[in-house]
Amino acid sequence: VQLQASGGGLVQAGSSLRLSCSVSRVSFSISAVSWHRQAPGKQRELVASFNRGGETDYEDSVKGRFTISSDNVRRTFYLQMNSLKPEDTAVYYCAADDGEVLGRTPTFYSYWGQGTQVTVSS
C-alpha cells in the first residue's frame with residue numbers, strides 16, 4: 001500500500017486548504033486513516049484520524065476547524081482545514097493502518113505518505 005499526499009501550500013491566516021491522500025490500490029485491510037504534522041524542532045503529532053467504525057479523533061487545537069473524510073470510490077482521504085493559523089504551519093503527513101485503533105502516536109500506523117508543506121502567514 002502506498003500513500004500520496006498533496007494539497008499543501010502557502011496561505012494567509014484565516015484561509016482554507018484541503019489536503020488529499022490517495023491510496024495506490026484498493027486495500028480492504030485498511031481500517032484507520034489519519035493525518036499528522038511536524039513543525040520544525042517539534043515531534044510529529046496526530047492531527048486527525050478515523051476508522052471503519054466511524055470513530056474520529058482530533059487534536060484539541062484543530063477541533064472545529066479541521067475535518068477528516070474519505071472517498072472510498074476515489075481511494076482518497078482528505079483533511080479540510082479552515083480558519084488556518086500560523087501555528088498550523090508544518091509538514092503534514094497522511095498515514096493508514098490495518099487496525100481500527102485510533103492511536104495518537106505515529107507507531108500505530110504502518111503506511112505513510114510523503115509530507116506536504118503547509119505554511120500559514122500572519
So which atom in C94 and which in A5 form the shortest heavy-atom distance, rounded to 0.1 Å? SG-CB, 3.8 Å

Where L102 and A32 come nearest, the two heavy atoms and their spacing: CD2-CB, 4.1 Å

Any side-chain heavy-atom pair from Y78 and I68 closer than 4.5 angstrom? no

I'd like to check S34 versus L46 (side-chain heavy atoms, cut-off strictly below 4.5 Å). Are they in contact? yes

Measure from NZ or CZ of R44 to the centre of the six-membered ring of W112, then state whether that distance is under 6.0 Å and the direction lies within 45° of the axis. yes

Would you name the heavy atoms of D97 and S110 that are closest together and state the gap between them? OD1-OG, 2.5 Å

Looking at K85 and D88, is any side-chain nitrogen of the basic one under 4.0 Å from a carboxylate oxygen of the acidic one? no

Is atom CZ of R104 surrounded by more than 12 heavy atoms (other residues, nucleotides or ligands) closer than 6.0 Å? yes

Test side-chain contact (heavy atoms from CB on, under 4.5 Å), reference L19, set Y93, F77, Y92, output is Y92

Please determine whether the number of non-hydrogen atoms from other residues, nucleotides or ligands lying under 6.0 Å from atom CD of Q114 exceeds 12. yes

CD on Q12 to OG on S121, rounded to 0.5 Å: 5.0 Å

Do N72 side-chain atoms and R75 backbone N/O form a donor-acceptor pair below 3.5 Å? no

Heavy-atom check, side chain of L17 versus side chain of V118, under 4.5 Å: yes

Give a yes or no on whether K63 atom NZ has more than 12 heavy-atom contacts from other residues, nucleotides or ligands under 6.0 Å away. yes

Is any side-chain heavy atom of V23 closer than 4.5 Å to a side-chain heavy atom of T76? no

Contact summary for A95 and Y109, nearest pair of heavy atoms: CB-CB, 3.7 Å

Report yes if the side chains of R18 and L79 come closer than 4.5 Å at any heavy-atom pair, otherwise no. no

For E87 and T89, test the side chains for any donor-to-acceptor distance below 3.5 angstrom and give the result as yes or no. no

Can you tell me how far OG of S70 sits from CZ of F50, rounded to the nearest 0.5 angstrom? 3.5 Å

Within the 4.5 Å heavy-atom criterion, are E59 and R37 side-chain neighbours or not? yes

Looking at every heavy atom in both Q117 and V91, which two are closest together, and how far apart are they? OE1-CG2, 3.2 Å

Answer yes if the side chains of S16 and N82 hold a donor-acceptor pair under 3.5 Å, and no otherwise. yes

Just how far is it from atom CH2 of W35 to atom CE of M81, taken to the nearest 0.5 Å? 8.0 Å

Check for a donor-acceptor pair, side chain of Q4 on one end and backbone N or O of G113 on the other, with a separation under 3.5 Å. no

Using modelled atom types and a 3.5 Å cut-off, is there a donor and acceptor pairing between side-chain atoms of R52 and backbone atoms of I30? yes

Less than 4.5 Å apart, side chain to side chain, heavy atoms only: is that true for Q38 and Q43? no

Whether S31 side chain and E100 backbone form a donor-acceptor pair below 3.5 Å: no

